Amino acid sequence: QVQLVESGGGSVQAGGSLRLSCAASEYTYSYSSKYIGWFRQAPGKEREGVAAIYTGNGITYLADSVKGRFTISQDKAKNTVYLQMNILKPEDTAMYYCAAGGSWVGYPLGRREYTYWGQGTQVTVSS
């Protein structure tokens, strides 16, 4: 079973940092390499891709809106994917979700490429 649990959200002032964690079931990592992504959804807006990583080789993808501020990484020993968020802005406020896709996706930041989703963790950035 693919299970994903996010943690690390919270409230922070603009310019601050947070690190989100996505703990995956061992099956997620051990069965086959796959894409794991971070998405966010603000009230009244569509869910958008923020970052993704291919667990097989660690290649990462970032949305233009977060390049230079966010990084995605993995710790295979802990079956965990991290989203380090620096220089946070009020527009980063959203519910953040991690998701697992297949071993090949057409567009790593496309939400329709992902099948399994966590419950989300809230990030609030105040000005």
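Each residue takes its place number in the sequence, starting with 1. Bear in mind that the values here come from a model prediction, so they are computed numbers and not experimental data.
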- Note on the structure: Note: Ser17 and Asn86 closest approach over all heavy atoms is OG-OD1, 2.9 Å
- Taking all non-hydrogen atoms of both residues, which atom of Ser21 and which atom of Thr80 are closest, and how far apart? CB-CG2, 4.1 Å
- Separation between OH (Tyr96) and CD (Gln41), nearest 0.5 Å, reads 12.0 Å
- Value for CG (Asn79) from CG (Leu4), rounded to nearest 0.5 Å, stands at 11.0 Å
- Evaluate the side-chain proximity of Phe70 to Trp38: yes if any heavy-atom separation is below 4.5 Å, no if none is. no
- Item | ILVMFWY cluster, Val125 and Val50 together (side-chain gap under 4.5 Å) | yes
- Over all atoms of both residues, closest heavy-atom pair of Val123 and Met85: CG2-CE, 3.8 Å
- Message: Using a 3.5 Å distance criterion without hydrogens, assess whether the side chain of Glu6 forms a donor-acceptor pair with backbone atoms of Gln119.
- Response: yes
- Task: To the nearest 0.5 Å, tell me how far Phe39 CZ sits from Leu83 CG.
- Result: 11.5 Å
- Mark yes or no for whether Tyr114, through its side chain, and Pro108, through its backbone, hold a donor-acceptor pair below 3.5 Å. yes
- Message: I'd like to know whether Asp92 forms a salt bridge (charged side-chain N to carboxylate O under 4.0 Å, His left out) with Lys89, so could you lay out the CA-CA distance, the side-chain angles of the two residues, the decisive distance to 0.1 Å, and finally the verdict.
- Response: CA-CA 5 Å; Asp92 294 319; Lys89 304 176 180 180; over 6 Å; no
- Item | In one Ile/Leu/Val/Met/Phe/Trp/Tyr side-chain cluster, 4.5 Å: Ile72, Leu18 | yes
- Message: Same cluster or not: Tyr61 versus Ile53, using hydrophobic residues (I, L, V, M, F, W, Y) connected whenever any side-chain heavy atoms lie under 4.5 Å apart?
- Response: no
- Heavy-atom pair of closest approach, residues Ala94 and Ala42: CB-N, 3.8 Å
- Note on the structure: Residues Val2 and Ala100: closest non-hydrogen pair is CG1-CB, 4.0 Å
- Query: Under 30°, 30 to 60°, or over 60°: which ring-plane class applies to Tyr97 and Trp117, parallel, tilted or perpendicular?
  - Reply: perpendicular
- What's the spacing between Thr124 OG1 and Met95 CE if we round to 0.5 Å? 8.5 Å
- Would you indicate whether Tyr116, at its atom OH, is surrounded by more than 12 heavy atoms from other residues, nucleotides or ligands within a distance under 6.0 Å? no
- Message: Given 3.5 Å as the limit, does a donor-acceptor pair link the side chain of Ser33 with the main chain of Thr55, or not?
- Response: no
- Message: Side-chain heavy atoms nearer than 4.5 Å, only ILVMFWY residues, links allowed to pass through others: does that put Ile59 and Tyr107 together?
- Response: yes
- Applying salt bridge (charged side-chain N to carboxylate O under 4.0 Å, His left out), run through Glu48 and Arg111 and close with a yes or a no. CA-CA 7 Å; Glu48 63 173 352; Arg111 60 185 174 90; over 6 Å; no
- Query: Got Arg40 and Val66 here, is their nearest side-chain heavy-atom distance under 4.5 Å?
  - Reply: yes
- Message: Given 3.5 Å as the limit, does a donor-acceptor pair link the side chain of Glu113 with the main chain of Gly106, or not?
- Response: yes
- Can you name the nearest heavy-atom pair linking Lys67 to Leu62, along with the distance? CE-O, 3.2 Å
